[in-house]
*Asks:* 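Dumping the structure here so I can ask a few things about it.
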Number of protein chains: 2
Amino acid sequence: MAEQRVATIEDVAREAGVSRQTVSNVVNRPGIVKEATRRKVLVAIEELGYAPNAVARRLRQRRSSTIGVKLDAYSGGISGVVLDRFVHALTEHASSRGLRVLVYAARTLADELGYINGLADGGEVDAIILTGTALGDPRAERLRERGMPFAAFGRPWGAGDADHPWVDIDGAAGTRAATEHLLARAGEHVAFLGWPPDSGTGDDRERGWRAAMGDRAAPRLATLDGVNEGRRLVRELLERGETPVDGIVCASDALAIGAHLAAVRAGRPDLQIVGFDNTAAAEAIGISSVEQLPERVAEGILELLMGSEGTEIRRGPAPQTAGLLVEPRLIVR
Amino acid sequence: MAEQRVATIEDVAREAGVSRQTVSNVVNRPGIVKEATRRKVLVAIEELGYAPNAVARRLRQRRSSTIGVKLDAYSGGISGVVLDRFVHALTEHASSRGLRVLVYAARTLADELGYINGLADGGEVDAIILTGTALGDPRAERLRERGMPFAAFGRPWGAGDADHPWVDIDGAAGTRAATEHLLARAGEHVAFLGWPPDSGTGDDRERGWRAAMGDRAAPRLATLDGVNEGRRLVRELLERGETPVDGIVCASDALAIGAHLAAVRAGRPDLQIVGFDNTAAAEAIGISSVEQLPERVAEGILELLMGSEGTEIRRGPAPQTAGLLVEPRLIVR
DNA sequence: CGAGGTGATTTGAACGATCAAATTTTAACG
DNA sequence: CGTTAAAATTTGATCGTTCAAATCACCTCG
């Protein structure tokens with residue numbers, strides 16, 4: 001049945017008639033051990049079903065080969081999927097690079113700072129990944145103090161993009177592509193439905209629309225996120241009928257769905273609308289959307305932390321403080 | 001800035017003029033140490049910014065206070081948002097019980113078995129949580145052999161519900177509630193739109209509908225999951241018009257959305273439809289749905305593994321092989 | 001044949017904490 | 001005040017591995 005005591009490196013050494021260290025070498029640096037010895041040891045390992053104790057190794061090496069990621073609260077809205085896909089992709093890429101992923105949740109900033117301390121001092125993780133960082137983020141500050149490597153999913157808006165290592169989605173490129181698509185396919189009156197100013201992400205997405213529109217004029221609507229909000233604004237816009245509208249680029253799928261519902265209700269079911277995030281909801285309804293590709297972000301983050309090839313996290317404060325922008329992809333439906 | 005070497009228990013002991021063990025006691029069993037000593041040590045801890053090294057503790061205690069959870073890829077089974085919410089809730093509850101959560105991804109069964117071995121032997125985790133287990137699941141088998149505690153989100157269908165510890169959503173209770181709701185609100189012709197037989201989860205959900213319908217007759221449609229599939233079947237049903245339809249209970253939100261789109265197209269936009277999973281898509285469109293409450297599942301799983309109060313995972317094979325059903329909640333829109 | 005070098009293997013210490021047992025201090029009581 | 005029990009604290013060993021240095025085996029060459 002179950003082996004009560006799992007085999008240790010010592011057991012293998014005895015069985016194979018060699019020393020601990022030789023067994024260790026067979027496992028970690030097979031190149032430096034003589035072929036005959038290596039085979040002997042491998043047989044013993046197989047025999048005893050030995051697997052190295054990761055905890056002991058970590059203690060000795062003072063490295064955990066683990067990264068910590070915060071899970072943000074499930075907000076219930078349409079978004080949030082992006083982050084989940086990110087975590088998932090990160091886990092897959094991390095596995096293939098020999099890293100483990102430890103997730104944690106924290107309700108308050110104080111909790112999170114405490115948790116970060118524990119992870120850092122306890123030697124639990126070699127690096128931490130933050131999401132949604134702002135300029136002068138206290139978490140980033142704390143991590144820097146502790147000398148713990150970290151990177152963020154999201155730009156530290158306003159920091160001249162170089163406050164700490166980050167990877168983000170190029171929202172402007174996404175809305176620009178969406179706008180150009182509608183300009184080519186629907187007509188030149190492409191409106192923008194976004195959020196109130198000063199939200200970083202929102203401004204970025206609006207920027208892409210503006211860039212693509214150039215001198216053309218079209219309404220720019222702003223409201224809080226949400227299906228009902230989007231529906232209301234677009235209903236008013238269409239009922240007013242002052243300006244022609246050939247298409248609408250939206251800052252989120254929630255807004256896009258609202259816009260779509262309003263358009264259908266107003267008798268314009270084929271009004272071209274593009275959302276942002278490419279959520280299941282947009283797919284189900286058949287609305288075009290900008291897909292964020294959080295998988296790329298995950299790759300990028302690991303690259304910042306580990307270099308493009310390595311399997312180890314760089315020690316000390318990250319030398320590279322630059323950021324990396326991932327270009328999203330327009331999904332046309 | 002950064003303290004190059006983090007303080008160890010030895011440093012604290014020296015600073016406070018006591019022995020290692022006393023410091024350890026202050027941290028872990030404050031009750032047994034004299035008040036004056038305790039204060040002295042706490043001052044030293046504060047002074048040096050000491051935090052215990054979790055890795056060393058784990059090695060000595062031969063316990064990791066960590067549970068492993070597999071992240072499924074996005075498709076099939078307990079998919080998407082439900083699983084993400086589950087992982088999130090699990091993380092929160094685990095934190096409050098002093099556990100960490102390690103996530104892993106595996107593309108193939110062989111990969112997963114290998115990973116499980118590593119986690120188990122390496123002492124990385126004290127327990128593992130599986131999702132989507134079947135009768136005689138090789139992963140469960142392996143874990144039992146290894147003597148590693150585990151529990152599953154999902155029933156081992158067909159095992160008489162007692163193959164290993166599990167927690168699951170009571171799908172039948174959900175569809176029953178949905179059906180009763182429609183019977184009371186829409187009329188007595190409540191159809192069911194589900195999946196082909198023998199899918200465990202699907203049969204369960206159909207069972208709830210049957211139970212609520214009793215002797216009443218109504219169409220039962222089955223197809224693969226997906227918006228387009230649902231739309232097609234419902235369009236055909238409504239076009240045929242042989243039987244009156246007052247409402248439709250669906251086995252998934254994807255099917256429900258398809259049904260809704262077909263109903264709108266067929267000129268019956270107010271046909272009552274209930275989905276399953278309460279996804280953001282259903283919420284956005286305004287379709288009622290059965291909400292799975294994965295948070296409760298997370299609680300239940302921890303309870304199976306740790307008992308209702310403890311902060312430690314039970315050693316050895318779980319004594320309790322029973323399962324636990326969580327009743328879902330109908331969200332009416 | 002012995003010095004020197006290279007490659008393979010072994011030995012002892014260390015990583016930082018907790019366990020178990022031993023020791024010291026304090027309290028209680030006749 | 002002395003004896004004894006209980007409480008508080010310390011000591012030595014240990015968890016399983018890898019690092020760094022030491023040793024051993026073997027080969028080459030003058």
Side-chain angles (χ1 to χ4, degrees), chain A residues 3-42 44-45 48-65 118-124 126 312 315, chain B residues 3-41 44-45 48-65 98 118-124 126 312 315:
Chain A
E3 297 157 41
Q4 268 327 354
R5 205 176 70 81
V6 298
T8 72
I9 200 172
E10 197 97 33
D11 301 325
V12 175
R14 200 175 316 114
E15 173 82 13
V18 299
S19 70
R20 292 191 315 275
Q21 187 61 43
T22 299
V23 177
S24 174
N25 287 337
V26 168
V27 173
N28 299 306
R29 287 135 66 189
I32 72 164
V33 59
K34 206 165 67 179
E35 178 60 20
T37 319
R38 201 175 68 84
R39 249 198 297 267
K40 245 189 338 187
V41 171
L42 287 177
I45 287 180
L48 300 176
Y50 167 75
N53 182 307
V55 176
R57 166 186 280 160
R58 293 217 270 250
L59 175 59
R60 181 62 246 233
Q61 295 192 146
R62 315 168 113 260
R63 170 191 312 140
S64 68
S65 297
L119 290 179
D121 293 341
E124 296 257 43
D126 291 338
E312 284 178 23
R315 297 301 185 95
Chain B
E3 297 156 43
Q4 269 327 356
R5 204 176 70 82
V6 298
T8 73
I9 201 172
E10 195 97 34
D11 300 325
V12 176
R14 200 174 317 114
E15 172 83 13
V18 299
S19 71
R20 292 191 313 275
Q21 187 61 44
T22 298
V23 177
S24 173
N25 288 336
V26 168
V27 173
N28 299 306
R29 287 134 66 186
I32 72 165
V33 59
K34 205 164 67 178
E35 179 60 20
T37 319
R38 202 177 66 84
R39 247 197 300 268
K40 237 184 350 181
V41 172
I45 287 179
L48 301 177
Y50 167 75
N53 183 307
V55 175
R57 167 188 280 159
R58 291 214 270 245
L59 175 59
R60 180 64 247 236
Q61 296 192 145
R62 314 168 115 260
R63 173 193 311 138
S64 67
S65 296
L119 290 179
D121 292 340
E124 296 257 43
D126 292 337
E312 283 179 23
R315 297 301 185 96

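Chain letters run A, B, ... following the sequence lines, proteins first and then strands; every chain starts at 1. What you see is a predicted model, and the numbers here were worked out from it, not measured in a lab. The analysis underlying the following values was restricted to heavy atoms, covering all of them including side chains, and did not include hydrogens, waters or symmetry mates.
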*Asks:* Quick check on C:dA17: is either OP1 or OP2 less than 4.0 Å from any side-chain nitrogen or oxygen of B:Ser24?
*Replies:*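 Checking B:Ser24 against C:dA17: no side-chain N or O falls below 4.0 Å of OP1 or OP2.
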*Asks:* Using salt bridge (charged side-chain N to carboxylate O under 4.0 Å, His left out) as the criterion, list what pairs up with A:Asp11, not counting sequence neighbours.
*Replies:* A:Arg5, A:Arg14
*Asks:* Are A:Arg58 and A:Arg63 close enough that some pair of their side-chain heavy atoms sits under 4.5 Å apart?
*Replies:*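 A side-chain contact under 4.5 Å is absent here.
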*Asks:* Tell me what B:Arg63 touches on the nucleic acid: a base, only sugar-phosphate, or nothing, going by heavy atoms under 4.0 Å.
*Replies:*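 It contacts nothing in the nucleic acid.
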*Asks:* Checking the side chain of A:Asp126 only, and the main-chain atoms of A:Ser64 only, is there a donor and an acceptor separated by less than 3.5 Å?
*Replies:* yes
*Asks:* Out of B:Val18, B:Asn25, B:Val23, which residue meets the side chain to side chain contact (heavy atoms under 4.5 Å, CB included) rule with B:Thr37?
*Replies:* B:Val18
*Asks:* Are any of the side-chain heavy atoms of B:Val27 and B:Pro52 separated by less than 4.5 Å?
*Replies:* yes
*Asks:* Going 5' to 3' along nucleotides 6-16 of chain C, which nucleotides have protein heavy atoms under 4.0 Å from the base (write B), which only from the sugar-phosphate (write S), and which from neither (write -)?
*Replies:* --SSBBBBBBB
*Asks:* Go through the steps for B:Arg38 and B:Val41 under the test side chain to side chain contact (heavy atoms under 4.5 Å, CB included), then give the verdict.
*Replies:* CA-CA 5 Å; B:Arg38 202 177 66 84; B:Val41 172; 6.0 Å; no
*Asks:* Taking atom types as modelled, is there a side-chain donor on B:Asn28 or B:Arg57 under 3.5 Å from an acceptor on the other?
*Replies:*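 Judged by distance alone, the side chains do pair up.
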*Asks:* Rounded to the nearest angstrom, tell me the gap between atom CZ in B:Arg58 and atom C1' in D:dT14.
*Replies:*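 Going from CZ in B:Arg58 over to C1' in D:dT14 covers 18 Å.
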*Asks:* State, yes or no, whether a side-chain contact exists between A:Thr8 and A:Asn53 at a heavy-atom distance under 4.5 Å.
*Replies:* no
*Asks:* How close or far is atom C1' of D:dT18 from atom CZ of A:Arg29, stated in whole angstroms?
*Replies:*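 Going from CZ in A:Arg29 over to C1' in D:dT18 covers 9 Å.
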*Asks:* Specify the separation, in whole Å, of atom CG of B:Asp121 and atom P of D:dC15.
*Replies:* 17 Å
*Asks:* Taking the axis from the first five pairs and the axis from the last five, what angle separates them in the helix from C:dC1-D:dG30 to C:dG30-D:dC1, rounded to 10 degrees?
*Replies:* 50°
